[in-house]
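Since the structure comes first, as structure tokens, the remarks are kept for the end.
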Amino acid sequence: MKFKTFAAFVGPSVFMMLLFIAAPLVSVFIQSFQVTQPILEQIEVETCTPGFLTQTCTTEIKTVPALDENGKTITETRWVGLQSYQNVLQMDKFWSAIGNGSWNQIMQIDFWKALRFTLTFTLLTLPLVIGVGLAIALAVNNATRSIRGPVIFVSLLPFIITPVIGSLSIYWLFVGDGILTVMLERWSGQNISMFAQSWTIEILMYFYQVWHVAPFAFVIFYAGLQTVNMDTLESAVIDGASRWERLRHVIVPHLMPLIIFISLIHLMDTYRAFEVIVGFRSQAHVISLQWLTYDFMTPDDAGNRAMSRASASAMLTMIGIVFLLILPLRRTWRDHKGSAH
């Protein structure tokens with residue numbers, strides 16, 4: 001009886017939670033197949049200029065948005081199918097660039113330019129975050145107790161800082177007469193501009209991402225190291241295993257579930273990179289998929305937003321995240337089935 005009462009309570013709650021999560025996604029999905037545009041009308045406009053004896057008047061036909069009785073623009077929504085996706089992907093230009101064998105032409109298309117950076121930014125920083133986080137955790141775990149507290153505090157500072165502030169901090173160190181730029185110029189005797197080309201900007205972005213996210217991996221790994229079976233480690237030492245062999249055959253397999261967990265969090269978090277683009281002000285050279293969606297939603301000079309293309313870009317971003325998560329999720333599912341049996 002109690003179970004039925006609990007199920008009756010939890011069932012609607014779970015349904016409402018799923019509805020709350022899915023409703024925005026469904027809305028974005030539907031909007032990606034629709035285009036909302038203002039209704040235009042043609043009106044006669046008479047323009048008069050003063051003359052010597054009489055005014056000179058001219059009449060011309062102008063196309064302007066239709067307004068309702070409250071002075072607001074009247075819009076209409078049309079179903080356009082996959083047109084918005086075609087506008088975002090620009091496959092005709094993409095295949096033309098492939099046919100010409102021109103990588104530069106592909107990078108002139110905003111979506112593929114953003115996709116290239118997003119994938120590189122996500123996949124290149126993943127092993128660096130895991131490696132640096134594990135190295136810090138091992139160092140702190142082997143340090144004396146008297147210095148562990150200060151070391152942990154200092155190590156967590158980059159993760160405490162908000163992403164925009166953190167990226168701006170790195171930006172101001174290198175932009176113009178930043179401290180590190182001045183030091184590099186004095187050391188090399190040359191003028192250095194770190195933000196004049198895309199590859200130097202990306203290097204700074206990779207450094208920032210590892211600096212910012214590695215403390216998260218460190219905390220997770222440090223907690224995992226506290227659960228390592230000491231008897232197994234002592235047995236490995238007695239058998240003559242080196243420090244590297246103990247790390248490879250004992251510690252890393254023990255931390256593998258945590259490595260997968262950190263990978264999942266990192267992939268989901270980094271693939272939606274946006275603050276780093278804003279912080280480094282790299283829109284002229286480097287953009288991400290999330291920034292591209294934001295750019296579509298930014299009103300143009302006429303106040304119009306490309307909501308349909310923004311929705312299509314958002315859906316393509318979510319599809320990319322799903323593909324990235326397939327491998328670690330399959331590993332998690334396989335490990336779960338193995339532990340269940």
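None of these values were measured; they are calculated from a predicted model.
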*Does the S313 side chain pair with the main chain of R309, one donor and one acceptor, at a distance under 3.5 Å?*
no

*Answer yes or no: is there a donor N or O on one side and an acceptor on the other, between the side chain of S311 and the main chain of M307, under 3.5 Å?*
yes

*asked:* Between Y171 and Y208, is the ring centroid distance below 6.0 Å?
replied: no

*Closest approach of T293 and A314, non-hydrogen atoms and distance?*
OG1-N, 3.8 Å

*Inter-residue atom distance S288.OG - K113.NZ, 0.5 Å rounding*: 11.5 Å

*Euclidean distance, F274 CZ relative to L292 CG, rounded to 0.5 Å*: 11.5 Å

*Could you tell me whether the side chain of H212 and the main chain of P158 form a donor-acceptor pair under 3.5 Å?*
yes

*asked:* So for atom CH2, which belongs to W79, do other residues, nucleotides or ligands contribute more than 12 heavy atoms lying within a distance under 6.0 Å?
replied: yes

*Could you tell me whether a side-chain N or O of T122 sits under 3.5 Å from a main-chain N or O of L119, the two making a donor and an acceptor?*
no

*Is M297 atom CE crowded by more than 12 heavy atoms from other residues, nucleotides or ligands, each under 6.0 Å away?*
no

*Do side-chain atoms of T125 reach the backbone of Q209 as a donor and acceptor pair under 3.5 angstrom?*
no

*Enter the distance from F111:CZ to M91:CE here, rounded to the nearest 0.5 Å.*
9.0 Å

*Rounded distance [0.5 Å steps], CZ in F195 versus CZ in R281*: 9.5 Å

*asked:* Looking at every heavy atom in both L316 and V88, which two are closest together, and how far apart are they?
replied: CD1-CG1, 4.1 Å

*asked:* Taking V164's backbone N and O only, do any of them form a donor-acceptor pair with S167's side chain (distance below 3.5 Å, no angle check)?
replied: yes

*Taking everything shown except Y206 itself, do over 12 heavy atoms lie less than 6.0 Å from its OH?*
yes

*Would you check if the side chain of S84 reaches a backbone N or O of A312 as a donor-acceptor pair within less than 3.5 Å?*
no

*I152 and Y222, any side-chain heavy atoms less than 4.5 Å apart*: yes

Listing, residues 129-142 side-chain donor-acceptor contacts under 3.5 Å, not counting sequence neighbours, or none:
residue, atom, partner, partner atom, Å
N141, OD1, Q226, NE2, 3.0
N142, ND2, L138, O, 3.1

*Would you check if W172 and I179 make a side-chain contact, meaning some heavy-atom pair closer than 4.5 Å?*
no

*Inspect the surroundings of CG in L157 and state if more than 12 heavy atoms from other residues, nucleotides or ligands are less than 6.0 Å away.*
yes

*Establish, from distance only, whether the side-chain atoms of H254 and T227 form a donor-acceptor pair under 3.5 Å.*
yes

*At what distance, to the nearest 0.5 angstrom, does OG of S102 lie from CE of M107?*
10.0 Å

